[in-house]
Amino acid sequence: AQPLADSVSDVVLIDGDRLHASGLHSVEDALQQYAGLQLARNGGPGQSAGYFLRGVGASGVVVLVDGVRVGSATLGQTQFGAMDLAQLERIEVVRGPMSTLYGSDAMGGVINIITRKGAVEQKGTLDLSTGSWHKHNYSLTLSGALQDDPTFHYFGTVTRAMSGDTEYTDGETGRTGTLGGSRWKEDAVNIRLDKDISDEQSIKLWYNYKAGKDGYPISTPRLKYWNQDDWERIIF
């Protein structure tokens, strides 16, 4: 650990307060907004085709979770989507070559994701938000330590994010239409257990589960020629 002012590299620190107050949906969104990550999507939330940092693809960006390398080649499609912002303490991003410390696969930079550890005192949070097109987010977290054994910490979060189909205004008719297949829903459960052995050693058990149904819009219908029966016959 060192102050940002002492670093000779281009480092971006996304702290927990910024993450939890941002209203963003995913780790990918936070990295895009605050660290300049370029993301290629091929569907709804969590369906990314790849990502780029300083013009370098996933194979040239080292990704760490709590300092442990988790592999970069498939991370844009799996690990980022499995994490929830509620479980993160901060994200550290080094933008630019770091081959000296991390090897030849760090040409684009390093992303280090730090997860939250259970607090000393028991506490919980409930976050609710809503928006256009029936978009709702729910998040429940519980954190603390055992009273009989304060060296045993626990942190858990349960989240649900969902949205209805997006609406649009048809340029020819002026009518409001619905972009079929754009709705999505994702549920996640994240649990972390820590046992402190000494000031420098600990054991961590970390469990992540995420499942969802994400739509993929095929096209924007021209309402001038819209026919519900024909549309369902083509789609289904």
Side-chain angles (χ1 to χ4, degrees), residues 1-4 6-7 11-31 34-35 45-46 62-72 74-94 101-102 110-129 136-162 185-212:
Q2 60 177 307
L4 284 175
D6 294 343
S7 175
V11 179
V12 176
L13 174 63
I14 313 172
D15 59 32
D17 292 339
R18 183 187 297 182
L19 284 172
H20 305 147
S22 64
L24 298 173
H25 173 67
S26 67
V27 176
E28 294 171 333
D29 293 337
L31 289 171
Y34 298 118
V62 170
V63 182
L64 314 171
V65 175
D66 295 331
V68 179
R69 187 186 294 251
V70 293
S72 59
T74 61
L75 197 64
Q77 300 172 353
T78 55
Q79 294 290 337
F80 281 161
M83 296 180 184
D84 191 88
L85 291 181
Q87 73 178 117
L88 302 188
E89 182 70 29
R90 65 185 185 276
I91 303 176
E92 304 167 344
V93 182
V94 181
L101 294 178
Y102 293 96
V110 180
I111 300 173
N112 188 22
I113 301 171
I114 309 297
T115 60
R116 295 172 66 180
K117 182 179 179 179
V120 176
E121 298 181 356
Q122 180 172 316
K123 61 180 180 180
T125 62
L126 176 62
D127 296 316
L128 306 173
S129 64
H136 310 293
N137 294 312
Y138 312 92
S139 178
L140 174 65
T141 65
L142 183 63
S143 174
L146 297 182
Q147 294 182 350
D148 298 336
D149 185 3
T151 64
F152 186 90
H153 302 263
Y154 58 88
F155 177 85
T157 176
V158 178
T159 62
R160 165 170 286 185
M162 58 189 297
K185 182 177 74 171
E186 292 184 343
D187 297 321
V189 177
N190 300 280
I191 300 173
R192 172 175 170 173
L193 305 176
D194 290 87
K195 172 65 176 178
D196 296 331
I197 300 175
S198 65
D199 292 338
E200 298 180 352
Q201 294 180 319
S202 65
I203 298 175
K204 179 181 74 172
L205 176 63
W206 188 29
Y207 172 77
N208 286 333
Y209 169 83
K210 196 167 191 178

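Worth saying up front: this structure is predicted, and the values here are computed from it rather than measured.
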**Request:** Apply the side-chain contact (heavy atoms from CB on, under 4.5 Å) test between Arg160 and each candidate in Glu186, Lys185, His136; give the one that qualifies.
**Result:** Lys185
**Message:** A side-chain contact here means heavy atoms from C-beta on lying under 4.5 Å apart; do Ile111 and Ile91 qualify?
**Reply:** yes
**Message:** When you compare the side chains of Asp194 and Ser202, does any donor N or O come within less than 3.5 Å of an acceptor on the partner?
**Reply:** no
**Message:** Any salt bridge linking Asp15 with Arg90? Criterion: basic side-chain nitrogen under 4.0 Å from a carboxylate oxygen.
**Reply:** no
**Message:** Quick check: do Tyr154 and Leu142 have side-chain heavy atoms less than 4.5 Å from each other?
**Reply:** yes
**Prompt:** Any side-chain heavy atom of Lys117 sitting closer than 4.5 Å to one from Glu89?
**Reply:** no
**Fill in**
Scanning both residues in full, the closest heavy-atom pair of Val120 with Ala145 reads O-CB, 3.6 Å
**Message:** If I take atom CG from residue Leu85 and atom CG from residue Asp29, how far apart are they, to the nearest 0.5 angstrom?
**Reply:** 8.0 Å
**Request:** Could you note down all residue pairs passing salt bridge (charged side-chain N to carboxylate O under 4.0 Å, His left out) where residues 136-147 supplies at least one of them, sequence neighbours left out?
**Result:** none
**Message:** Quick one, Thr141 and Lys123 - any side-chain contact, counting heavy atoms below 4.5 Å?
**Reply:** no
**Fill in**
For Tyr34 and Val12 the tightest heavy-atom approach is O-CG1, 3.4 Å
**Message:** Taking Thr115's backbone N and O only, do any of them form a donor-acceptor pair with Arg192's side chain (distance below 3.5 Å, no angle check)?
**Reply:** yes
**Asked** Taking atom CD1 of Ile113 and atom CG of Asp66, what is their separation to the nearest 0.5 Å?
**Response** 9.0 Å
**Asked** Which pair of non-hydrogen atoms, one from Ala86 and one from Arg116, has the smallest distance, and what is that distance?
**Response** O-NH1, 2.9 Å
**Beyond-backbone contact of Val11 with Val93, side-chain heavy atoms, under 4.5 angstrom** = no
**Message:** Quick check for you: to the nearest 0.5 Å, what is the distance between Ile191 atom CD1 and Leu205 atom CG?
**Reply:** 8.5 Å
**Asked** Side chains of Lys195 and Asp149: closer than 4.5 Å at any heavy-atom pair?
**Response** yes
**Prompt:** Sub-3.5 Å donor-acceptor pair from the side chain of Asn190 to the main-chain atoms of Asn208, do we have one?
**Reply:** no
**Request:** Kindly give the heavy-atom pair with the smallest separation between Ser143 and Phe155, and that separation in Å.
**Result:** CB-CD1, 3.6 Å
**Request:** Search all heavy atoms of Val110 against all heavy atoms of Leu64 and return the closest pair with its distance.
**Result:** CG1-CD1, 4.0 Å
**Prompt:** Which atoms form the tightest heavy-atom contact between His153 and Thr151, and what is the distance?
**Reply:** CD2-O, 3.6 Å
**Request:** Output yes when a side-chain donor or acceptor of Ser139 lies under 3.5 Å from a complementary backbone atom of Asp127, and no otherwise.
**Result:** no
**Message:** Taking salt bridge (charged side-chain N to carboxylate O under 4.0 Å, His left out) as the cut-off, I'd like each qualifying pair that reaches into residues 136-148, sequence neighbours left out, listed once.
**Reply:** none
